[in-house]
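The structure appears below as structure tokens.
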Amino acid sequence: MISRRALLTGAGVALAAGPLRAAPTPLSLADSAKGAGLLYGASIGQEALDDPAYAALYRRQTSILTTDVALKFDWLRPTPDRFDFSYADAILGFALDSGKPLRGHTLIWNDRAPDWLKRLPGREVERIFDDHIERVVSRYAGKLYAWDVVNEPFWPLDGKSGGWRDGPWFAAMGPSYVERAFRRVAAIDKTGRLALNEAQCDNDHDWGKSIRPLLAGLVERLLDAGAPLDTVGLQSHLQPQWPADYPAFAHYIEGFAARGLTVSITEFDVNDSVFPDDVAARDRAVAATGATFLNAVLAVPAVDMVVNWQLSDRYSWYRELSRRPPRVLPFDDADRAKPLASAMTAAFAAAPPRRLPAPRRQ
Ligand code: XIL
């Protein structure tokens with residue numbers, strides 16, 4: 001007879017029921033995504049290089065990586081005359097070692113420009129723009145899956161006509177900086193897919209509503225001008241504190257698909273600030289929001305990947321922004337899968353199949 005204690009602990013069960021079988025390992029997020037022809041990944045930074053368990057989580061769960069800060073201008077260019085590629089090289093090394101394609105985020109962004117750049121006259125800023133693209137893209141040409149060539153071109157709150165985000169590149173060149181960047185990158189890197197990456201479009205608050213048509217208009221103009229644009233990156237830092245209409249967002253994505261572009265979900269996480277303190281309730285609410293979003297957008301076959309902004313809550317950028325430890329990502333502080341991970345797996349499994357995009361157009 002099996003004792004009560006053995007029933008609770010499992011001891012003795014093997015004798016009674018034959019050899020114990022290991023529980024089946026749940027499919028990784030990458031494997032679930034692969035079933036639908038999707039890539040799944042996360043942004044990655046120094047944390048994964050320093051923390052072996054976190055590195056293992058990337059190796060197991062992802063099929064694509066994105067640099068978090070390592071390729072940003074302010075990290076590469078601590079001073080006007082110095083390039084420091086060591087961090088970006090280390091991230092690329094990790095990606096190569098683990099056999100994951102890497103997205104390069106981001107070459108040109110008007111935000112987070114170093115003070116030394118802001119102080120320079122326009123003509124000098126233009127020279128640095130061209131030189132920066134030349135140096136960085138030449139170093140990594142042929143080694144990256146994609147580049148976020150330009151990040152966040154619009155920010156109507158800056159008050160510029162046309163809703164453009166202000167910053168040194170825009171101040172020196174006006175809106176033409178975007179097409180110039182795409183053409184210069186394409187001239188050097190013949191294989192990396194070229195993305196225009198934007199924030200806020202998934203929201204139905206005033207910013208989302210104003211940025212969506214601005215981005216669509218820019219994409220139309222770039223394509224009509226023959227600029228080498230392959231994909232639109234939509235960050236998708238979901239913010240359930242604001243109204244959202246994810247089926248309408250999916251319809252918006254279809255507009256890019258109709259122009260022959262893919263759409264990448266590039267920075268997915270779910271802001272949990274309006275959800276309860278209770279962890280289980282909060283995790284359920286985050287998962288439900290993520291599921292509604294993914295079920296809507298993955299119905300569009302032009303969506304080629306879903307990338308989280310980091311993998312575990314411990315390293316989310318919301319750490320710096322939240323009043324309590326955030327629970328915005330598929331894995332918790334101890335790298336355990338959360339309800340959001342299950343919701344994502346289910347959404348990947350339900351997504352209509354698609355083919356991974358061909359290498360970029362020449
Ligand atoms: C974030 C980084 O992850 C943080 O470490 C940094 O402090 C701020 O920037 N949209 C983007 C990303 O395009 O580059 C930002 O990354 C998050 C919002």
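Remember, it's 1-based here, ligands and their atoms both numbered in the order they're listed.
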(message) For ligand 1 and D68, I'd like to know whether there is a polar contact (N/O to N/O, distance under 3.5 Å).
(response)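 Yes; the residue has a nitrogen or oxygen that sits under 3.5 Å from a nitrogen or oxygen of the ligand.
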(request) Answer yes or no: does an N/O atom from N197 fall short of 3.5 Å to an N/O atom of ligand 1? (result) no
(request) Select the closest option to atom 11 (C) of ligand 1 among Q310, E267, Q200, R112, judged by heavy-atom distance. (result) E267
At a 4.0 Å threshold, what atoms of ligand 1 neighbour a non-hydrogen atom of [X]?
X    : result
K72  : 1 (C), 2 (C), 9 (O), 12 (C), 14 (O), 15 (C), 16 (O)
E320 : 7 (O)
H105 : 11 (C), 12 (C), 13 (O), 14 (O)
Q235 : 10 (N), 11 (C), 13 (O)
W109 : 14 (O)

(message) Are F170 and W155 an aromatic pair, judged by ring center distance below 6.0 Å?
(response)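 W155 vs F170: aromatic centres not under 6.0 Å.
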(request) Using the ring of F331 (Phe, Tyr or Trp, six-membered ring only), decide whether R336 places NZ or CZ under 6.0 Å from its centre and within 45 degrees of its axis. (result) no
(message) Is the ring pair F94/Y58 parallel, tilted or perpendicular, if the boundaries are 30 and 60 degrees?
(response) perpendicular
(message) Checking F182 now: which residues fulfil ring pair (Phe, Tyr, Trp, His ring centres under 6.0 Å) with it, not counting sequence neighbours?
(response) none
(request) Tell me which part of N151 gets within contact of ligand 1: side chain, backbone, both or neither, using heavy atoms under 4.0 Å. (result)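 N151 to ligand 1: side-chain contact only, backbone stays beyond 4.0 Å.
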(request) Do me a favour and list the nearest non-hydrogen protein atom to atom 5 (O) of ligand 1 with residue, atom name and distance? (result)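 Answer, as residue, atom name and distance: V69 CG1, 3.9 Å.
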(message) What I want to find out is whether K72 reaches D148 closely enough, with some N-O distance under 4.0 Å, to be called a salt bridge.
(response)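 No salt bridge links K72 with D148.
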(message) I need the single residue from D68, V69, T67 that forms a side-chain contact (heavy atoms from CB on, under 4.5 Å) with H105. Which is it?
(response)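 Of the listed options, the one satisfying the test is T67.
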(message) According to salt bridge (Lys or Arg N to Asp or Glu O under 4.0 Å), does anything in residues 27-37 pair up with another residue at least two apart or in another chain? List the pairs.
(response) none
